[in-house]
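The structure under discussion appears below in the form of structure tokens.
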Amino acid sequence: MAEAGAAAVEAAGMVASVETVEGEPKVNGWMWAALAAGAAVLTLLAARRLADRPRPTLGDVIADGLAEAWSRRLGAPQERIRPALQGRDSALRDRIGDLVGMVSCTFRQEPDAERRHLVVVVLGCDYRDGGSAEVTMRIPWRRVPSGVRNELLQARTEEAVRTWTAG
């Protein structure tokens, strides 16, 4: 019966060839090409979706860690800090620039094997008035800016340091 079904499929021109293996039809031909084309389309869609995703910047990491402290010092809502750092609120960005001298950002690979999916970030903020603040946080690898991520992974270094200013 399986042979008759395989012959009918082959006779209809639906496949390039049909073999019978252990009584079951084994289909070769256009079906594999269609599956490969479908996989290629899915891969392209996934790549496009990833490409459209905003890439994290150093300013994003800094906003995540220091927005609360800066909002207290500036009397501005915490949720306005990130947009200001991204250039959408130039007045607040200027105020941040007047407040902050420099921020040092140290990224370290998590030494604990159970937390290898995280990166330790230490933010040291030097204020223009002589004060300072330090924040330590853990972030997932997907939130690490690409240049820092590449340095940590390719160079096999345990630490990458960046500096940031609001100007």
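FYI, the numbering just counts along the sequence from 1. Just so it is clear, the model here is predicted, and its values are computed rather than measured. Reckoned from all heavy atoms, side chains included, excluding hydrogens, waters and symmetry mates.
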Closest approach of W164 to G59 (non-hydrogen atoms, all atoms of both residues): NE1-CA, 4.2 Å
Mind checking the CD-CZ spacing from Q86 to R93? Nearest 0.5 Å is all I need. 10.0 Å
Show your reasoning for whether side chain to side chain contact (heavy atoms under 4.5 Å, CB included) applies to Y127 and V100. CA-CA 4 Å; Y127 295 108; V100 177; 4.3 Å; yes
Show the atom names and distances, to 0.1 Å, of all donor-acceptor pairs under 3.5 Å that link a side chain in residues 131-138 to residues at least two apart or in another chain.
unit_1: R138; atom_1: NE; unit_2: E110; atom_2: OE1; d: 2.7

Considering residues at least two apart in sequence or located in another chain, which fulfil the salt bridge (Lys or Arg N to Asp or Glu O under 4.0 Å) criterion with R143? D64
Side-chain donor or acceptor of R149 paired with backbone N/O of V144 under 3.5 Å: yes
Give a yes or no on whether V148 and L118 share a hydrophobic cluster (residues Ile, Leu, Val, Met, Phe, Trp, Tyr; joining criterion: side-chain heavy atoms under 4.5 Å apart). no
If every non-hydrogen atom of L123 is compared with every non-hydrogen atom of G65, which pair is closest and at what distance? CD1-CA, 3.7 Å
Minimum heavy-atom distance G97-A166, with the two atoms named: CA-CB, 3.5 Å
For W141 and L153, what are the C-alpha separation, side-chain angles and deciding distance, and is it a side chain to side chain contact (heavy atoms under 4.5 Å, CB included)? CA-CA 11 Å; W141 277 96; L153 293 174; 3.9 Å; yes
So do W70 and L92 actually touch side chain to side chain, heavy atoms under 4.5 Å? no
Backbone N or O of L152 within a donor-acceptor pair of the Q109 side chain at under 3.5 Å? yes
Interatomic spacing from CG in L85 to CD1 in I62 - rounded to 0.5 Å: 7.5 Å
Could you tell me which residues satisfy salt bridge (Lys or Arg N to Asp or Glu O under 4.0 Å) with R73, sequence neighbours excluded, listed by chain and number? D129
What heavy-atom pair brings R128 and G101 nearest, and what distance separates the two atoms? CG-N, 3.7 Å
Closest heavy-atom contact between A76 and S71? O-CB, 2.9 Å
Can I139 be reached from I81 by stepping across I, L, V, M, F, W or Y side chains whose heavy atoms are under 4.5 Å apart? yes
Sidechain-backbone polar pair: D60 side chain, T57 backbone, donor-acceptor under 3.5 Å: yes
May I ask you to decide if L58's main-chain N or O and R162's side chain share a donor-acceptor pair within less than 3.5 Å? no
